2 protein chains.
Amino acid sequence: MKPTIRDVAKMAGVSISTVSRVMNAPDTVVESKRSRVMEAIEALKYQPNAFARGLIYKKSFTLGLLIPDIENLYFAGVIRGMQDACIKLGYSLMICNTDRDKERTLSYIDTFHEKQVDGVVFASDVLYPEYYEKLVGCRIPFVLVSSHSDEYEVASVEVDDEKAAYDAVKFLIELGHQEIGMIGFNHDNSVSGPPRVAGFVRALKEFGLERNVEKVKYANHRFEQAYQASHELFSDYPELTAVFCVADEFAMGTISYLKDRNILVPGQVSVIGFDNLRMSGMFIPKLTTIAQPIYQLGYRAAEKLHELLTTGSVAVMKEKMEHKLVVRESSREK
Amino acid sequence: MKPTIRDVAKMAGVSISTVSRVMNAPDTVVESKRSRVMEAIEALKYQPNAFARGLIYKKSFTLGLLIPDIENLYFAGVIRGMQDACIKLGYSLMICNTDRDKERTLSYIDTFHEKQVDGVVFASDVLYPEYYEKLVGCRIPFVLVSSHSDEYEVASVEVDDEKAAYDAVKFLIELGHQEIGMIGFNHDNSVSGPPRVAGFVRALKEFGLERNVEKVKYANHRFEQAYQASHELFSDYPELTAVFCVADEFAMGTISYLKDRNILVPGQVSVIGFDNLRMSGMFIPKLTTIAQPIYQLGYRAAEKLHELLTTGSVAVMKEKMEHKLVVRESSREK
DNA sequence: TTCTATTTAGAAAAGCTTTTCAAAGCGATT
DNA sequence: AATCGCTTTGAAAAGCTTTTCTAAATAGAA
């Protein structure tokens, strides 16, 4: 049996109130008793029962995190940042991997509700009405990371997807490329899909390359799909000398495909990715990419949620963080 | 304010006991009241308070997971397996990333204690006496995954590292390689380090290649270090035609290094990895590797912990799971 | 020495649920 | 009609902590 405050009190020969005070307001109890109590706590390895405290404080000091795919390195970075922030702010973290499954996501929200998490961070997925309704129905405060909502008033932290995509494509154009394709996210279950093609289109138009606007294929988050999409892209448009991939994993899939077709990267085709995963500097060739501040995104999301929890609102609703172009080996002048 | 059982009772015009019964033993309450209660629950979106229940059941139905590095794809797989098992078994999961930091690990154990997790699985790191003492001091049941303990009697699930390493090296030898090196884990903070060199050595001796036994360099879990270790390895032993890397990430580091030195893989040097990460099939060249059943390891660990929690002990203490050789593109006949 | 002011400590309530125990209701049997 | 037995319900206790309120003890001042 775990020791309770009662056991400590008995051992130290004081009342339970005194023990409680030793832990929460030490200077209101006289030195002699205080040290006796502390010895007893030490001896019994007493740790106050979080259930009992939760009942009083109505807080669990636990945050929930909903992520679509734990095997995606992008989210590993987000988790890391978020966890560090949680340590700083005194929260524990409960991470749930939804696999982008509605059923499962909803059931995790129930779990969060039952476990009384103080708030949740919802990562990267689109905030379907069901999710929103359930979250507010359960009165759980939440913020979005790498996502946002046009329908609802929800706090969010992300990168400027349109601008980032624009920068990527502009970089390719300034390298002298004229025939540029794109591998994008399927629009129907992605938040960043549309703005990234918007950026692609804007850059093309600005430089008079409208003819490329159609040269887009879509894939669904994973390498294999991007490989397939590249196949379609290059079958339809063999003239391409550069491709903008909206994820580093897509860039790897594209490069793999090109490699299998004996097309050199960056010799014949330049590829630029998006995210700057830890793996991207390890790939061969090392990926040129738009770096997201992944760790900071996670960190900031936790801070924002904390702000929401403590003040009841948030200073800036839709927050954007800076992206950065990282030039490595997968791109070259035309 | 979140609704309590009292609110439901009032709304349905019954006592709180009846409401409780509707949720826990529905057939002991007469249909008419039951449906009134259920309507009230629905209307208020009532969810029983986990703190109050925890106080009674003395269980949180939450498991803790301590992992060394969330940005390592190996652990992403373990987490996935473990989380799926948790869903099946009715647990929530609290994941903590230790960065292999003692201080931090110990403090997470405190958190687990305070939050009253029912048990924890401890992944891949060595079970230092401090950890062991603290865990048993806090009376937290735990199991090890991808790790084991010689000092203590602790349940564990892992792969047979010695045998797996032996198989990897034997494969290289049977391909005709005679000059074989190895990139291993530093021994001082790794569980699988020593058995994997043991397997390396056994295979070499069995085939009369003892002269290679010294050709080992060590790295510390990450790509960059493996890159550096490869540099040392090939500077000391330029005659090598094959290298056994104890992690796919090391294999990637080694291949990167060789690429930078214009040494072809597998043309001039064969490289075999270990783990079979999701990324390994995406690398160029695709990695030949010893596949660990990563997902199953995580899944099994959760089941084992559950067994420990429910029966008080575990049928088989030190459990081994099967590894498998996966031949892809990074290896070739000599 | 006595009274006031202040510090320190304990008793009890509150927080929410589950479960035990007792009571009430009801039909059926004698 | 009275009793028995079963079903159904409610009251109350338990689980552990924090906090409020009250009481006791101490120190200081008159």
Side-chain angles (χ1 to χ4, degrees), chain A residues 1-38 40-41 44-62 90 110-111 113-118 138-139, chain B residues 1-38 40-41 44-62 90 110-111 113-118 138-139:
Chain A
M1 243 352 6
K2 302 211 171 174
T4 74
I5 199 171
R6 236 175 207 89
D7 301 313
V8 177
K10 198 179 299 171
M11 181 180 238
V14 299
S15 76
I16 60 166
S17 326
T18 302
V19 177
S20 178
R21 268 186 287 258
V22 168
M23 307 197 70
N24 299 296
D27 25 298
T28 66
V29 15
V30 81
E31 165 59 24
S32 64
K33 293 196 182 186
R34 194 194 327 163
S35 60
R36 280 212 323 271
V37 169
M38 295 208 297
I41 288 175
L44 295 168
K45 283 196 201 294
Y46 167 72
Q47 180 92 23
N49 183 317
F51 298 135
R53 308 183 92 173
L55 217 42
I56 290 169
Y57 293 136
K58 297 172 187 306
K59 290 196 64 179
S60 60
F61 298 98
T62 300
D110 274 333
T111 305
H113 185 198
E114 185 202 329
K115 295 274 159 84
Q116 318 266 328
V117 301
D118 298 332
C138 294
R139 301 174 194 72
Chain B
M1 241 356 5
K2 303 211 167 172
T4 72
I5 199 171
R6 230 170 214 92
D7 301 313
V8 178
K10 198 179 300 171
M11 181 178 239
V14 299
S15 75
I16 60 168
S17 325
T18 302
V19 177
S20 176
R21 268 184 287 257
V22 168
M23 308 198 69
N24 300 296
D27 25 298
T28 66
V29 16
V30 81
E31 165 58 25
S32 64
K33 295 198 181 187
R34 195 193 328 165
S35 60
R36 275 201 342 259
V37 169
M38 296 208 295
I41 287 174
L44 295 168
K45 281 195 202 295
Y46 167 72
Q47 179 91 24
N49 183 315
F51 297 134
R53 306 183 94 173
L55 218 41
I56 290 167
Y57 292 136
K58 296 169 189 306
K59 288 196 66 179
S60 60
F61 297 99
T62 301
D110 274 332
T111 306
H113 186 198
E114 187 201 329
K115 296 273 159 84
Q116 318 265 331
V117 302
D118 298 333
C138 294
R139 300 174 195 70

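First the proteins, then the strands, lettered A, B, ... as listed; each starts at 1. A quick note: this is a predicted structure, and the numbers were derived from the prediction, not measured. All values below were derived from every heavy atom in this structure, side-chain atoms included, with hydrogens, water molecules and symmetry-related copies excluded.
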Margin query: Per the side chain to side chain donor-acceptor pair (under 3.5 Å) rule, what does the pair list look like for residues 11-23 of chain B, sequence neighbours excluded?
Written below: S15(B)-T18(B), S20(B)-N24(B)
Check: Once you round it to whole Å, what is the distance between P of dA9(C) and NZ of K10(A)?
Finding: 20 Å
Notebook entry, point to check: Any donor and acceptor pair, going by atom type alone, linking the side chain of S60(B) with main-chain N or O of Q116(B) inside 3.5 Å?
Noted result: yes
Check: Between R36(B) and A12(B), is there a donor-acceptor pair closer than 3.5 Å when you use the side chain of the first and the backbone of the second?
Finding: yes
Note to self: For V37(B) versus V8(B), what's the shortest heavy-atom pair and its separation?
What the structure shows: O-CG1, 4.1 Å
Next item on the list: Could you tell me the separation between the CD atom of Q47(B) and the CE atom of M23(B), rounded to the nearest 0.5 Å?
Entry: 7.0 Å
All N/O contacts under 3.5 Å from nucleotides 7-15 of chain D to the protein, with atom names and distances to one decimal?
from: dT9(D); atom 1: OP2; to: V30(B); atom 2: N; distance (Å): 3.2
from: dG10(D); atom 1: OP2; to: S15(B); atom 2: N; distance (Å): 3.1
from: dG10(D); atom 1: OP2; to: S15(B); atom 2: OG; distance (Å): 3.0
from: dG10(D); atom 1: OP2; to: T18(B); atom 2: OG1; distance (Å): 2.6
from: dG10(D); atom 1: N7; to: R21(B); atom 2: NH2; distance (Å): 2.8
from: dG10(D); atom 1: O6; to: R21(B); atom 2: NH1; distance (Å): 3.3
from: dA11(D); atom 1: N7; to: S17(B); atom 2: OG; distance (Å): 3.2
from: dA11(D); atom 1: N6; to: S17(B); atom 2: OG; distance (Å): 3.1
from: dG15(D); atom 1: O3'; to: K58(B); atom 2: NZ; distance (Å): 3.2

Next item on the list: Could you tell me the separation between the NE2 atom of H113(A) and the P atom of dC16(C), rounded to a whole number of Å?
Entry: 13 Å
Item checked: Phosphate-side-chain proximity, N24(A) and dT18(D), N/O vs OP1/OP2 below 4.0 Å -> yes
Item checked: Euclidean distance, atom CD of residue E114(A) to atom P of dC16(C) [Å, nearest integer] -> 16 Å
Check: Rounded to the Å, how far apart are K2(A) NZ and dC16(D) P?
Finding: 12 Å
Note to self: How many whole angstroms separate atom CG of N49(A) from atom P of dT17(C)?
What the structure shows: 16 Å
Note to self: Rounded at 0.5 Å granularity, tell me how far NZ in K45(B) sits from CZ in R139(A).
What the structure shows: 9.0 Å
Checklist line | For atom OH of Y57(B) and atom P of dT17(C), their distance in whole Å | finding: 12 Å
Check: Distance check: side-chain N/O of Y46(A) vs OP1/OP2 of dT17(D), anything under 4.0 Å?
Finding: yes
Item checked: Spatial distance of atom CG (N49(A)) from atom CZ (F51(B)) [nearest 0.5 Å] -> 10.5 Å
When you compare the protein's N or O atoms with those of nucleotides 22-27 of chain C, which come within less than 3.5 Å of each other, and at what distance?
none

Notebook entry, point to check: Could you give the distance from CZ (R53(B)) to NZ (K115(A)), rounded to the nearest 0.5 Å?
Noted result: 10.0 Å
